[in-house]
Every structure is written in C-alpha cells, then in structure tokens.
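Order of listing sets the numbers, starting from 1, for every ligand and every atom in it. Reckoned from all heavy atoms, side chains included, excluding hydrogens, waters and symmetry mates.
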Amino acid sequence: MKIDAVTIFPQYLEPLQLSLLGKAQSEGLVEITIHDLRSFATDNHHSVDDTPYGGGAGMVMKAQVWGEALDPLITPDTDLIILTPAGKKFDQPMAQSFARARHLVFACGRYEGIDDRVRMYYSQSEFMEQNIRVHEVSIGDYVLGGGEVAAMVIIEAVTRLIPGVLGNPESIVEESHMAEGFLEYPNFTKPSQWRGIPVPEILLSGNHGEIDKWRATQADLRAKKNV
Ligand code: JBH
C-alpha cells in the first residue's frame, strides 16, 4: 500500500517511520511519504490559510494550496481521506475497508477545516477526468488542533491489517469480533498472586470450555460498563 500524507507539520508525522511501520516499510509492504503543504504555497508569505467568507472565528485552509499539493498525488487508484471533526466517525469496519485500498492520501486539515471546494473538486467527475473516492473522517467527538494525530491513528489502525505487517494474523481474526461491538475480556499473566490479588481461579483450571464461557461473560460485562 502506498500512503501519502499532506500536512503543515511534517515533523509531527515522523513517528510513522518507527517500529512496526518502519519494519513494514523496509519490507516493502507499505510506503509512507509525508509532504509539507507549505511548500505548495505560492505567495510571498507562504500562507496556507485565510479568513472565512461570511465571517466568523478562525481561519480556513486555502483551496489553491491544497490543489497544488494533491494534484500530483492523485490517480484513479486513490482514496482521499480528509480529516475533519465534521467527518464520519472512524471505527474498525472503516479501518478494514481502508486496508483493502491501494493508495491512501491523507489531507490533514486544521480544526476549522479546508475550503470545502477541495472535497467538491476531487469527488466530482465534472471537475476531474476521473472521480476518485473522497472520505471525510473524524476520529471522535473531542477537539484536536488539527488532523495530524487523527491521520496517525488511522494509519496505525489500517496498516496493521495489511497481510504481513502484523506478526500474528490470529489476533486480527480475534479482533474482528470487536468490529461487531465486543470488547475484550480481562487478561492475567504470572504470578498467580500479585499484591494480594489472585488470578480468577477458572483460568488456572485448564477447562477450556468453561474458560471460554467465563471470558465471554466478562467481555459482555465490560462492554455494558463502558457504554
Ligand atoms: C480535527 O477535532 C477533531 N476531532 C476528531 N477528529 C478530527 C480530525 C481532524 C481534525 C479533529
């Protein structure tokens, strides 16, 4: 999978080159390129935003700059992901669907967002020779300064689903249940007593039928508690 991310804070996305994803990249499973939006600004001040038409607080990111940055990245193979608090809420089924894509382009907008004509342009074939898939995505109902951390969350969730990236494909199968609303059961490892707290006895019994039942009940209780 090819991933491009466009941001005014390229250094913010540097952790993507570390650990799991660094390895996946050196193995050729994923290729991540970070692009500095500001390098596409053409005016003297290299400005990437401007005041909103109609007035109001905050600044809006300029369509021209985004267009210059995105045009060279986009092909008919691209899924463009615009990070915005107004987008569809990211979840595991969305991660699974992005994991099947060939090319993801992440547009990291600041909180107030990108001129909406960027979304309009890339999602409508009347403007483009080939209309591509454009997704507006939010990672949750809380306020971030911009889309950079949101892009990292999505990239981590998506790339670990690519065959070969994760060491242990079994844990992917197990986790796919979480996509259906399950949460995981509590886990314990040695020692069997820690600071006076014992591990639930059933887990030491070796009775796997009973252990599976207990885990299902515990996962259920956890799920209810966290609603
Ligand atoms: C900002 O504030 C945010 N909350 C959730 N997702 C976002 C994505 C991009 C920018 C946010």
Exercise. Taking Val199 as the fixed residue, which of Leu204, Thr189, Asn187 is the one that meets the side-chain contact (heavy atoms from CB on, under 4.5 Å) rule?
Worked result: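 The residue from Leu204, Thr189, Asn187 that satisfies side-chain contact (heavy atoms from CB on, under 4.5 Å) with Val199 turns out to be Leu204.
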
Please tabulate, line by line, the atom pairs linking an N/O of ligand 1 to a protein N/O at a distance below 3.5 Å, with the distance in Å to 0.1, or answer 'none'.
from	atom 1	to	atom 2	distance (Å)
ligand 1	2 (O)	Tyr142	O	3.1
ligand 1	2 (O)	Leu144	N	2.7
ligand 1	4 (N)	Gly140	O	3.4
ligand 1	4 (N)	Tyr142	O	2.8
ligand 1	6 (N)	Ser138	OG	3.4
ligand 1	6 (N)	Ile139	N	3.2

Exercise. Is there a side-chain contact between Val6 and Leu73, using heavy atoms and a 4.5 Å cut-off?
Worked result: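 The answer is yes, as the side chains (C-beta and beyond) meet within the 4.5 Å cut-off.
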
For this session: List for me each residue that meets ring pair (Phe, Tyr, Trp, His ring centres under 6.0 Å) alongside Phe98, sequence neighbours excluded, and say none if there are none.
Result: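 Phe98 satisfies ring pair (Phe, Tyr, Trp, His ring centres under 6.0 Å) with His135 only.
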
Which pairs of donor and acceptor atoms, one on a side chain in residues 29-36, lie under 3.5 Å apart (sequence neighbours left out)?
from	atom 1	to	atom 2	distance (Å)
Thr33	OG1	Lys2	NZ	2.7
His35	NE2	Asp4	OD1	2.7
Asp36	OD1	Arg38	N	3.1

Exercise. Do Leu16 and Leu20 share a hydrophobic cluster (ILVMFWY, side-chain heavy atoms under 4.5 Å, transitive)?
Worked result: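 Cluster IDs for Leu16 and Leu20 match.
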
For this session: Check side-chain hydrogen bond (donor to acceptor under 3.5 Å, both in side chains) between Arg100 and all other residues, then give those that pass, not counting sequence neighbours.
Result: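 For Arg100, no residue satisfies side-chain hydrogen bond (donor to acceptor under 3.5 Å, both in side chains) once neighbours in sequence are set aside.
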
